[in-house]
Number of protein chains: 4
Amino acid sequence: MDKQEIILTTALRLFVQNGFHATPTSKIAKEAGVANGTLFHYYKTKEDLIVSLYLYIKSKMGAYIEEHVKPDTDAKTYFKGQFKAVLEWSMENRDEFYYTQLFTNSPFAALLSPEEVKKSLKKSCDQIQEAIDAGVIKARDVDFIYTIMGSHIFGLYTYLIKNNFSKAKQQQVIQESLDMLWGMLA
Amino acid sequence: MDKQEIILTTALRLFVQNGFHATPTSKIAKEAGVANGTLFHYYKTKEDLIVSLYLYIKSKMGAYIEEHVKPDTDAKTYFKGQFKAVLEWSMENRDEFYYTQLFTNSPFAALLSPEEVKKSLKKSCDQIQEAIDAGVIKARDVDFIYTIMGSHIFGLYTYLIKNNFSKAKQQQVIQESLDMLWGMLA
Amino acid sequence: MDKQEIILTTALRLFVQNGFHATPTSKIAKEAGVANGTLFHYYKTKEDLIVSLYLYIKSKMGAYIEEHVKPDTDAKTYFKGQFKAVLEWSMENRDEFYYTQLFTNSPFAALLSPEEVKKSLKKSCDQIQEAIDAGVIKARDVDFIYTIMGSHIFGLYTYLIKNNFSKAKQQQVIQESLDMLWGMLA
Amino acid sequence: MDKQEIILTTALRLFVQNGFHATPTSKIAKEAGVANGTLFHYYKTKEDLIVSLYLYIKSKMGAYIEEHVKPDTDAKTYFKGQFKAVLEWSMENRDEFYYTQLFTNSPFAALLSPEEVKKSLKKSCDQIQEAIDAGVIKARDVDFIYTIMGSHIFGLYTYLIKNNFSKAKQQQVIQESLDMLWGMLA
DNA sequence: TATGAATGAGCGTTCATTCAT
DNA sequence: CATGAATGAACGCTCATTCAT
């Protein structure tokens with residue numbers, strides 16, 4: 001792992017543990033084992049680091065989903081597959097997922113280039129629209145579905161984190177919860 | 001409104017607008033029209049102010065619900081009434097609701113006395129348990145239901161804020177969303 | 001002397017001794033016997049301190065001149081009187097004068113509000129214009145006269161500082177130099 | 001132009017534009033199109049660069065004067081010729097001239113080896129002494145004449161820079177100013 | 001000769017908090 | 001009760017300089 005990646009990893013851990021404000025760049029640098037200036041060599045500002053870390057995580061999550069969801073299936077299977085993949089990734093990469101929430105609900109989210117945001121949102125919304133068109137979920141405002149699903153995932157995530165279930169139990173809760181959500185959407 | 005209340009109101013507005021970190025106590029004092037020291041006369045620390053503000057809001061919300069929900073009804077009506085009341089209050093007091101989210105997802109939440117938390121949680125959980133016992137909602141882990149409902153409300157709130165709907169349209173969305181949630185839980 | 005004035009006085013000494021860059025605000029504060037934050041309580045930024053110090057000195061110099069030059073004299077006497085007063089003040093307040101040069105030739109000069117600059121310049125230029133109209137000095141571009149005189153004063157100042165003359169000798173040099181300048185302008 | 005000279009040229013431009021403090025070596029290197037370390041390969045420190053640049057400019061100015069002033073003339077013509085040559089060079093190489101002023105009035109001037117200073121000063125002073133001996137200028141302290149002349153040139157330079165005159169008008173102002181100075185000295 | 005990643009001391013500035021009035 | 005001047009630790013960030021390649 002090169003220094004840049006060590007910095008990202010360390011920043012992730014500390015931001016998740018203590019929040020943005022309570023994590024001085026000096027602490028990140030020290031725990032990453034690099035000089036303070038090195039951090040600023042790679043990231044112009046603390047904000048830059050925060051945003052870069054978000055994009056880094058997003059790209060890793062995107063790669064995971066791409067890899068784990070079979071595209072050549074019927075709309076319903078595909079949609080459910082995506083949902084499960086996101087949850088699985090979130091459970092296997094808890095800090096990463098929590099960070100995306102931290103980031104999204106912070107003022108730093110506003111620093112993302114609008115195109116970046118649009119692009120990312122567009123993809124998700126298109127999938128929802130396809131599912132609606134295929135008649136596998138209710139015809140509702142896409143943004144509404146998107147928002148509700150997002151908060152569901154977060155709620156489920158929160159619940160799973162709070163209760164340290166076994167892998168099996170965890171899978172069961174996810175499946176149940178998925179069925180419930182599906183009952184609501186379909 | 002006495003100085004103490006002006007401070008709370010001003011703090012609420014600024015915290016919601018800019019977050020905890022980006023809101024210096026000096027700014028709160030200035031915008032509240034009191035001296036810097038006055039704020040610390042009423043609240044020993046910034047943390048104290050933040051927590052006090054949370055409890056102040058919670059008490060106001062509790063009063064609203066108490067006032068707007070008729071207790072002598074069947075379990076289902078009562079349960080749904082509560083849910084609606086919370087949403088109504090949230091939409092009418094957006095800053096206040098947003099603040100409770102801000103607070104809950106911040107490290108400051110840990111400063112609440114555990115008894116306080118327990119008590120507040122207990123009440124909600126008991127209601128859910130009653131609904132389960134009365135057979136009006138599915139038999140699931142109470143904490144699961146509680147968490148899912150909470151995030152649902154937050155998702156709905158987020159959606160409503162994002163889209164500045166008319167009062168009527170808003171009511172419609174709430175009702176629809178409520179039905180969906182009910183379809184999921186019942 | 002209140003803290004604000006102590007800060008100004010200390011800043012003056014250090015800026016003159018070491019220049020703007022080589023004088024950290026922390027050093028000013030320490031040598032002024034106040035906390036670091038106190039400096040920023042009175043002056044929002046280091047730049048603010050630098051500009052404020054300039055205006056403070058300018059006002060003191062203006063007061064001195066006002067006090068020492070008799071206004072009800074013929075144009076020539078009045079004009080010469082001003083020149084002498086500036087030089088006298090400069091010799092008696094060497095750090096102050098040097099600071100005005102330091103400031104004027106620094107990028108910080110650009111921070112002065114244009115009106116402030118105009119006003120200050122206007123006064124000097126009007127006097128030169130009057131002298132020209134009265135026929136006591138050559139008819140040249142006012143700005144030219146102003147600039148040449150300014151650099152003359154600075155040259156003379158530099159020379160006097162370099163050679164630590166007695167008060168009497170100093171007066172003589174000033175008088176001689178004044179005569180030379182007059183020979184040039186008249 | 002080799003890398004060393006590119007560095008010098010770039011440094012000159014940036015120092016003149018922004019001052020010593022506001023010009024990081026990294027910026028010089030970047031704008032010069034060389035690596036950060038390369039600058040320090042040629043100049044041990046930033047100070048070294050600053051001083052070297054000064055000497056480089058001085059040597060170029062010396063060469064110009066040597067080339068443009070005929071030595072075999074009477075004292076007065078020679079003296080005036082020198083004066084004009086300096087002014088001409090200054091107007092044609094504004095950045096270079098401004099840099100010499102920047103440097104001379106900075107703490108870095110103290111880094112010049114005293115012999116270097118003496119030597120350079122000696123030459124100028126000798127010429128003034130010769131002019132005095134030849135009776136073409138007033139018998140005054142050589143240092144006094146030197147200082148006054150220097151500030152006169154700087155004042156004239158400042159005036160010419162401020163007003164962006166045509167070449168012809170500029171020549172006229174120089175001539176006039178020269179006459180005035182001469183009237184004062186002779 | 002040339003590079004540029006890495007360093008870390010030091011800067012300007014912020015802000016929660018105290019306390020004499 | 002109320003003030004606001006004063007504090008100083010801690011922060012984000014800069015930049016001259018080094019050194020392995």
Whole Å only: how far is the [atom1] atom of [X] from the [atom2] atom of [N]?
| X | N | atom1 | atom2 | result |
| --- | --- | --- | --- | --- |
| C:K30 | F:dA9 | NZ | P | 12 Å |
| A:F108 | F:dG12 | CZ | C1' | 12 Å |
| C:Y43 | E:dT14 | OH | P | 16 Å |
| A:D48 | F:dC13 | CG | P | 10 Å |
| C:K27 | F:dG8 | NZ | C1' | 20 Å |
| B:N18 | E:dC15 | CG | C1' | 15 Å |
| D:L49 | F:dC15 | CG | C1' | 14 Å |
| D:Q4 | E:dA2 | CD | C1' | 13 Å |

_So, using side chain to side chain contact (heavy atoms under 4.5 Å, CB included) as the criterion, who are the partners of A:P24 when residues are at least two apart?_
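If we apply the side chain to side chain contact (heavy atoms under 4.5 Å, CB included) test to A:P24, skipping adjacent residues, the hits are A:S26, A:K27.
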*With sequence neighbours left out, what residues match D:S113 under side chain to side chain contact (heavy atoms under 4.5 Å, CB included)?*
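In terms of side chain to side chain contact (heavy atoms under 4.5 Å, CB included), with neighbours along the sequence ignored, D:S113 is linked to D:E115, D:E116.
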*Show your working on ring-ring contact (aromatic ring centres under 6.0 Å, His included) between D:F108 and D:F20 and close with a plain yes or no.*
CA-CA 10 Å; D:F108 299 113; D:F20 293 121; 5.1 Å; yes
_Phosphate-side-chain proximity, B:K3 and F:dT3, N/O vs OP1/OP2 below 4.0 Å_ =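 Answer yes for this pair, as a side-chain N or O of B:K3 is under 4.0 Å from OP1 or OP2.
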*asked:* Just N and O in the side chain of A:H41: are any of them under 4.0 Å from OP1 or OP2 of E:dA5?
replied: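 Yes, such a contact exists.
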Residue pair [X] / [Y], side-chain heavy-atom distance below 4.5 Å:
| X | Y | result |
| --- | --- | --- |
| C:Q4 | C:Y43 | yes |
| A:M61 | A:N93 | no |
| C:D95 | C:Y99 | no |
| C:L8 | C:L49 | yes |

*Quick one: which of F:dT7, E:dG8, E:dT1 gets closest to the side chain of C:V34?*
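Shortest atom-to-atom distance from the side chain points to F:dT7.
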*Between C:L39 and B:A35, just flag the one whose closest nucleotide in DNA chain F comes earlier from the 5' side.*
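Its nucleotide being nearer the 5' end, the pick is B:A35.
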*asked:* Test of understanding: with side chain to side chain donor-acceptor pair (under 3.5 Å), list the residues that count as partners of A:R13, not counting sequence neighbours.
replied: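 A:R13: side chain to side chain donor-acceptor pair (under 3.5 Å) contacts with A:E31.
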_Dot-bracket line, read 5' to 3' along DNA chain E, where crossing pairs take [ ] and | marks a partner on another strand, Watson-Crick or G-U under 3.5 Å_ = .||||||||||||||||||||
*Do nucleotides 16-21 of chain E as a string where each nucleotide becomes B, S or -: B if the base has a protein heavy atom under 4.0 Å, S if just the sugar-phosphate does, - if no protein is that close.*
BBB---
Indicate every side-chain donor-acceptor pair of residues 52-59 of chain C with a distance under 3.5 Å to a residue at least two apart or in another chain.
residue: C:S52; atom: OG; partner: C:D48; partner atom: O; Å: 2.7
residue: C:S52; atom: OG; partner: C:D48; partner atom: OD1; Å: 3.2
residue: C:Y56; atom: OH; partner: C:E5; partner atom: OE2; Å: 3.1
residue: C:S59; atom: OG; partner: C:Y56; partner atom: O; Å: 2.8

